[in-house]
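Read through the structure below, which is laid out as structure tokens, and then see the notes.
In what follows, every chain begins at residue 1, and chains take the letters A, B, ... in the order their sequences are listed.
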There are 2 protein chains.
Amino acid sequence: MNEQESAAWLGLITVCQLLPAALDSQLKQDSGMTHFEFFVLSVLRFAPEQTMRMTALAETTSSTLPRLSHVCSRLEKRGLADRFPCPEDGRATNVRLTPEGRSALVRAMPGHLATARRLVIDALSPEQLDALAQVTEVIRGRLDGDGQPARATPFG
Amino acid sequence: MNEQESAAWLGLITVCQLLPAALDSQLKQDSGMTHFEFFVLSVLRFAPEQTMRMTALAETTSSTLPRLSHVCSRLEKRGLADRFPCPEDGRATNVRLTPEGRSALVRAMPGHLATARRLVIDALSPEQLDALAQVTEVIRGRLDGDGQPARATPFG
DNA sequence: GTACGTTACTTGTAGCGACAACCAAAGCGT
DNA sequence: ACGCTTTGGTTGTCGCTACAAGTAACGTAC
């Protein structure tokens with residue numbers, strides 16, 4: 001690894017360690033919820049009927065099904081969401097954002113948005129934002145197409 | 001948040017969620033250690049005498065002291081590191097990389113490096129790597145100077 | 001219609017990190 | 001020398017996530 005590469009790598013893993021902690025900390029303190037919980041509620045909010053299947057929700061939140069299941073249990077216990085069996089598929093479960101969930105989300109929004117701006121968005125130029133979006137998209141592609149590929153050349 | 005901003009933000013938090021998991025998974029599977037443990041060993045390796053104070057190690061690994069303490073306990077239990085009181089300061093503790101720790105690190109290196117290349121480094125152009133290094137550096141600065149500032153204007 | 005495999009979730013367990021409480025040694029003022 | 005504060009670290013508890021195992025419903029082949 002040359003100097004440029006290790007600078008980028010070290011920077012990335014450092015941010016990956018610190019940023020989630022900072023987001024969790026702010027949301028936990030100000031709104032009593034995890035960043036992941038916040039994210040789940042956010043996604044639900046823009047779904048039709050504020051409702052989604054567990055699998056779909058897990059996919060769009062880049063999470064695993066067990067994790068989401070646990071999180072939904074907590075949200076349900078707090079009255080922020082509720083689950084009911086899917087009418088069309090007896091195996092599936094639907095999660096729905098409750099009015100309380102929606103209002104909790106709305107209350108949490110400004111503080112979280114301010115944090116996002118302060119820590120990241122307002123710190124970067126438009127060009128840097130663009131570059132960040134591109135870079136993260138590329139990495140996301142690699143992470144999705146994971147498993148054990150490794151060889152990318154057509155002659156592998 | 002405009003489209004550009006939300007693309008960058010969403011991309012970043014997604015990567016922050018997936019990348020650490022991927023790194024942990026690979027290292028756990030192939031070498032039986034966490035990415036953070038690997039990182040700690042890596043830092044120790046290049047310290048004089050392969051030795052560092054807990055506080056200094058916590059700082060350079062961007063971690064908290066309690067966390068590092070727990071991790072060092074585990075490493076010590078596995079014989080990869082050992083701790084001894086600092087001669088110059090009775091309050092302080094020194095951590096040292098053992099020969100076994102060094103060899104475990106060396107064994108884990110190639111696989112981890114390959115993963116880093118596959119998921120991130122080889123996926124990006126030199127310009128993108130540069131941009132990534134810059135962006136993460138800026139964010140790191142914001143995260144460090146955290147606490148409760150928020151107001152940056154001289155008239156705040 | 002029944003056996004088999006797959007899909008969709010849930011639950012239990014174990015491990016790691018955050019936070020707070022704690023203890024001990026230094027530094028400092030008097 | 002004596003307290004007070006600060007610094008350096010450890011320990012205990014709780015909450016969250018990963019992983020594995022379990023359950024239930026669906027689809028399909030026979």
My understanding is that only residues two or more places apart in sequence, or in another chain, count here; which of them pass side chain to side chain contact (heavy atoms under 4.5 Å, CB included) with B:Ser103? B:Arg107
Report the residues that fulfil side chain to side chain contact (heavy atoms under 4.5 Å, CB included) with A:Arg117, sequence neighbours left out, ordered by chain and then residue number. A:Ile121, A:Asp122, B:Met1, B:Glu5
Can you find a pair of side-chain heavy atoms, one from A:Glu49 and one from A:Arg96, that are under 4.5 Å apart? no
Min side-chain heavy-atom separation B:Glu100-B:Arg78 under 4.5 Å: no
Roughly, in whole Å, what's the span from CD in B:Glu59 to P in D:dT7? 13 Å
Taking side chain to side chain contact (heavy atoms under 4.5 Å, CB included) as the definition, give me every residue that meets it alongside B:Gln26, ordered by chain and number, with sequence neighbours left out. B:Asp30, B:His112, B:Thr115
Is there side-chain contact between A:Ser31 and A:Phe38, with heavy atoms separated by less than 4.5 Å? no
I want to check something: taking the side chain as every heavy atom from C-beta on, are A:Leu12 and A:Val135 in contact at a cut-off of under 4.5 Å? no
What is the separation between atom CZ on A:Arg83 and atom C1' on C:dA8, rounded to the nearest whole Å? 13 Å
Expressed as a whole number of angstroms, how long is the span from B:Gln29:CD to D:dA18:C1'? 13 Å
Remember a base hit wins even if backbone is also touched, and classify A:Thr93 as base, sugar-phosphate or nothing at under 4.0 Å, heavy atoms. sugar-phosphate
Please encode protein proximity along nucleotides 15-27 of chain C as a string of B, S and -, counting only heavy-atom distances under 4.0 Å. -SSBBB----BS-
How close or far is atom C1' of C:dT11 from atom CG of A:Leu68, stated in whole angstroms? 15 Å
Could you tell me how far apart B:Arg53 (CZ) and D:dT10 (P) are, to the nearest whole angstrom? 13 Å
If I take atom CG in residue A:Leu27 and atom C1' in nucleotide D:dG15, what distance separates them, rounded to the nearest angstrom? 16 Å
A:Met54 CE to C:dT11 P, straight-line distance once rounded to whole Å: 10 Å
Is there side-chain contact between A:Ser62 and A:Asp144, with heavy atoms separated by less than 4.5 Å? no
Calculate the interatomic distance between A:Leu65 atom CG and C:dT7 atom P; express it in whole Å. 13 Å
Using Watson-Crick or G-U wobble pairs with both distances under 3.5 Å, give me DNA chain C in dot-bracket, 5' to 3', with [ ] for crossers and | for pairs to another strand. ||||||||||||||||||||||||||||||
Using the side chain to side chain contact (heavy atoms under 4.5 Å, CB included) criterion, which residues pair with A:Asp24? Sequence neighbours excluded. A:Thr34, A:His35
